[in-house]
Number of protein chains: 4
Amino acid sequence: MRTPGSRSDTTWPIIREASISLIYEHGFESMNTRQLAELVQMKPGSLYYYFSSKEELLNRLVTEVLDEIVDDLELKLADVDTGLGGLDTFISGLVEWHVNRHKETYIALMDTRSLSEEKLARYMESRDRYDQLLDEILERCRREGSIGDIPVRITRLSILTMITGITSWFKPAGEANLDDLRDFYVTAVRRFVGAVPVGTRS
Amino acid sequence: MRTPGSRSDTTWPIIREASISLIYEHGFESMNTRQLAELVQMKPGSLYYYFSSKEELLNRLVTEVLDEIVDDLELKLADVDTGLGGLDTFISGLVEWHVNRHKETYIALMDTRSLSEEKLARYMESRDRYDQLLDEILERCRREGSIGDIPVRITRLSILTMITGITSWFKPAGEANLDDLRDFYVTAVRRFVGAVPVGTRS
Amino acid sequence: MRTPGSRSDTTWPIIREASISLIYEHGFESMNTRQLAELVQMKPGSLYYYFSSKEELLNRLVTEVLDEIVDDLELKLADVDTGLGGLDTFISGLVEWHVNRHKETYIALMDTRSLSEEKLARYMESRDRYDQLLDEILERCRREGSIGDIPVRITRLSILTMITGITSWFKPAGEANLDDLRDFYVTAVRRFVGAVPVGTRS
Amino acid sequence: MRTPGSRSDTTWPIIREASISLIYEHGFESMNTRQLAELVQMKPGSLYYYFSSKEELLNRLVTEVLDEIVDDLELKLADVDTGLGGLDTFISGLVEWHVNRHKETYIALMDTRSLSEEKLARYMESRDRYDQLLDEILERCRREGSIGDIPVRITRLSILTMITGITSWFKPAGEANLDDLRDFYVTAVRRFVGAVPVGTRS
DNA sequence: GATGAATGAGCATTCATTCAT
DNA sequence: AATGAATGAATGCTCATTCAT
């Protein structure tokens, strides 16, 4: 009964894309495995060769992006030598990810609730890494005197909420393009944290 | 079979509170009418005396707060005579609502997806009113020269995302209290839009 | 809480008519007490002052017509002195009832299934009376030599099925009027039983 | 979780027979899917592998017989060359179907009401075909002068009501056997329509 | 790898009926 | 005589998942 030409490494990416679209569109709880099976032209039962449960599928989807994001941000930040430069890099990178992969990041924002306690906890650990990244950047900026005297925690929460929230209104077909968005948020966040304008520091 | 002492005007508020808590905690799709019934000490079927479907319950919950918020903001804005004053009032009011009624506003943020197309459309119409409110304020500020030359649409989206997103991390037991939050966001948003510092306008 | 001017002997006929219409239109199992209550402008619970259960309502409806029919037929047959005259009278009367009270007779035809075993048994006893009436008429005709040599049981069943079945296609607004129907069936049944044409008997 | 040895082409006929018996006995509205599941030794949900809704099951049951009947009658009528011959063939065939498949035909008679408007309409279209068949036969008989001057519509309705109504009293265990019934109705209908006795036509 | 057939547990909802007021 | 509020038992149906083939 094996479909000729089927191979695991071809099939999984197809399932992956299909589930992302489906979850993005309907939400994880409302989407069902029949829809997914139909979309990838399989029978529901066959999907279980590619994931062990619906929840595990969700988990894989969201942890994969998250890890990619954090790794990429860390990589980009390695080359930066000032706090403010780090802030720009971080914001710029985060915006990029949330635009280029807006479906997955939207799912991570909205459907992470459906994860079991353990899986959610593990997910949150990863997320903490990127909270910390921003915290550290902000702390460094303050030490360097390049931003105002702002409360770090709530500032970080607000920035993150704002950037990750891009996915909730961003439409790829819309007028805003990636470069505009990146520029806008870099500038906006600088203002937000009371960054000393470039060339103003004494 | 009537439970002695039961009264409609006592029961609905109980059901209302219970559903808000339940949806807040589990999400609308994951919460079920049996849990709700148990929480309010009724049989599942009896709930249908108070709403005609689970979805209609959700609808009621989210449209009610939304309308209350918009009405309140409009009222508060009526007394304000400068654009920047309006901005402060709007932000301050919105933060207040999202803190004081954070469960319902969280539900509105997350579970509105579960509404049918028609109900969602009607909900969005109401939401548009408050988008417009902020748009108008921002436009006015620009005309009055009290803020920088910023792109209105994306600024509005970002501010709203940030404030409504408070509910996604806010814990009433947490360290942040309403006054701090209100002050923080009023100031932050002022910076965000490049507001001319008070007393600086020439 | 008593509605001013309400009286049992005014209300019952209203409920009666409303239930007949409702059951006629939707069938007994598909019709529900909410619909009935709405139609008579009451609350569902209030109906139980007029009948003790939905099934008892049905029972009352169908047994009442049935008894009226049998009584009327017996009365009409009392004056008749020949078998064939009896046959004409019976058919004519039965057609009349099924046209004039076609809703109730239709209900009796279709919804009698929903009666409990005991109630159905009692209903069937009454129905037997009118089977017997026709049996006796047919037997008498045969003794008098006014009809052919036909099998009584199946003839009776067929005639009754045909006449009671009028209700299943009869529409009051339709072209067929009572007189035509009566004439048609009297003649048709005569032919059906091989009645010796009037004036042909030697 | 698959029951060993289960096969679709074995299971559907079993479900089919079981539902026919159940609906025949209790009526469509009173029968429920749990009873059916128990009878075929499945879990209720599994039935939905074989039909998409309870109503669709009913629909399938009644349209299938109906189509079989009409097809068969048309086939049988193809060989007939006189109107009266057609009438005999039609009646004989119809009686046969209502005796041999009396459960399904009874269901079609009684439970067709439970079909949705669209499904009922489609059912009625098929039914019309067989009304027309009889109408044409009767018209032809009249043109050929082999029956009396009778009103076609009501005659057709009465004959059909009578024959289809067989199912409402017929018990397979009863004394009447198929051949008797067929003979009886062929003769009775001939009389009913005032057929000129064979060899009497001048 | 993939399918066909089934499970089992749950779910929203309906509805006749009851009874304190 | 009528209502408002509730019950309880059922009902059709969905869906993630399993597993023999």
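Each chain gets a letter, A, B and so on, in the order its sequence line appears, and its residues count up from 1.
Rounded to whole Å, atom C1' of F:dT14 lies 11 Å from atom NZ of A:Lys54. To the nearest angstrom, C1' of E:dA2 lies 14 Å from CZ of A:Phe51. Counting to the nearest Å, the C1' atom of E:dG10 and the CD atom of B:Gln35 are 12 Å from each other. In this structure, B:Met42 atom CE and E:dT18 atom C1' are separated by 16 Å, rounded to whole Å. Straight-line distance from the CD1 atom of A:Ile15 to the C1' atom of F:dA16: 15 Å, rounded to whole Å. With rounding to whole Å, D:Trp12 atom CH2 is found 17 Å from E:dG4 atom C1'. In this structure, C:Leu47 places its CG atom 11 Å from C1' of E:dT17, rounding to the nearest Å. For the pair D:Glu56 CD and F:dT14 P, the interatomic distance rounds to 12 Å; values are reported in whole Å.
For F:dT21 and E:dG1, the P atoms lie 22 Å apart once the distance is rounded to whole Å.
Nucleotide F:dA2 forms a pair with E:dT21, judged by Watson-Crick or G-U wobble geometry with both contacts under 3.5 Å.
For the residue pair C:Gln35 and C:Ser30, the shortest heavy atom distance occurs at OE1-O, 4.2 Å.
Nucleotides of DNA chain F nearest to A:Glu29 and D:Glu55 differ in position, and the one nearer the 5' end is that of D:Glu55. Each of C:Pro44 and A:Gln41 was matched to the nucleotide of DNA chain E holding its nearest heavy atom; the match closer to the 5' end belongs to A:Gln41. Toward the 5' end of DNA chain E, the nearer of the two residues C:Ser52 and D:Arg34, judged by each one's closest nucleotide, is D:Arg34. Of the two residues near DNA chain F, D:Met31 and B:Gly45, the one whose nearest nucleotide lies more 5' is B:Gly45.
The side chain of B:Ser46 contributes no N or O atom lying less than 4.0 Å from OP1 or OP2 of F:dG8. A close approach under 4.0 Å does not occur between any side-chain nitrogen or oxygen of B:Lys43 and OP1 or OP2 of F:dA6. For B:Tyr48 and E:dT13, the shortest distance from a side-chain N or O to OP1 or OP2 is below 4.0 Å. For the OP1/OP2 pair of F:dC15 and a distance below 4.0 Å, the side-chain nitrogens and oxygens of A:Thr33 include no atom meeting the criterion. A sub-4.0 Å separation between OP1 or OP2 of E:dA2 and a side-chain N or O of A:Tyr49 is absent.
Side chains of D:Ser126 and D:Asp67 form a contact here, defined as non-hydrogen atoms less than 4.5 Å apart.
Ring orientation note: the planes of D:Trp12 and D:Tyr50 are close to parallel, at an angle under 30° on the 30°/60° scale.
A donor-acceptor distance shorter than 3.5 angstrom exists from the side chain of B:Lys54 to the backbone of B:Phe28, with no hydrogens or angles considered.
Closest contact between the side chain of A:Asn32 and the listed nucleotides E:dA6, F:dA16, E:dT13 involves F:dA16.
A salt bridge does not link D:Arg34 to D:Glu38: none of the charged side-chain nitrogens sits closer than 4.0 Å to a carboxylate oxygen.
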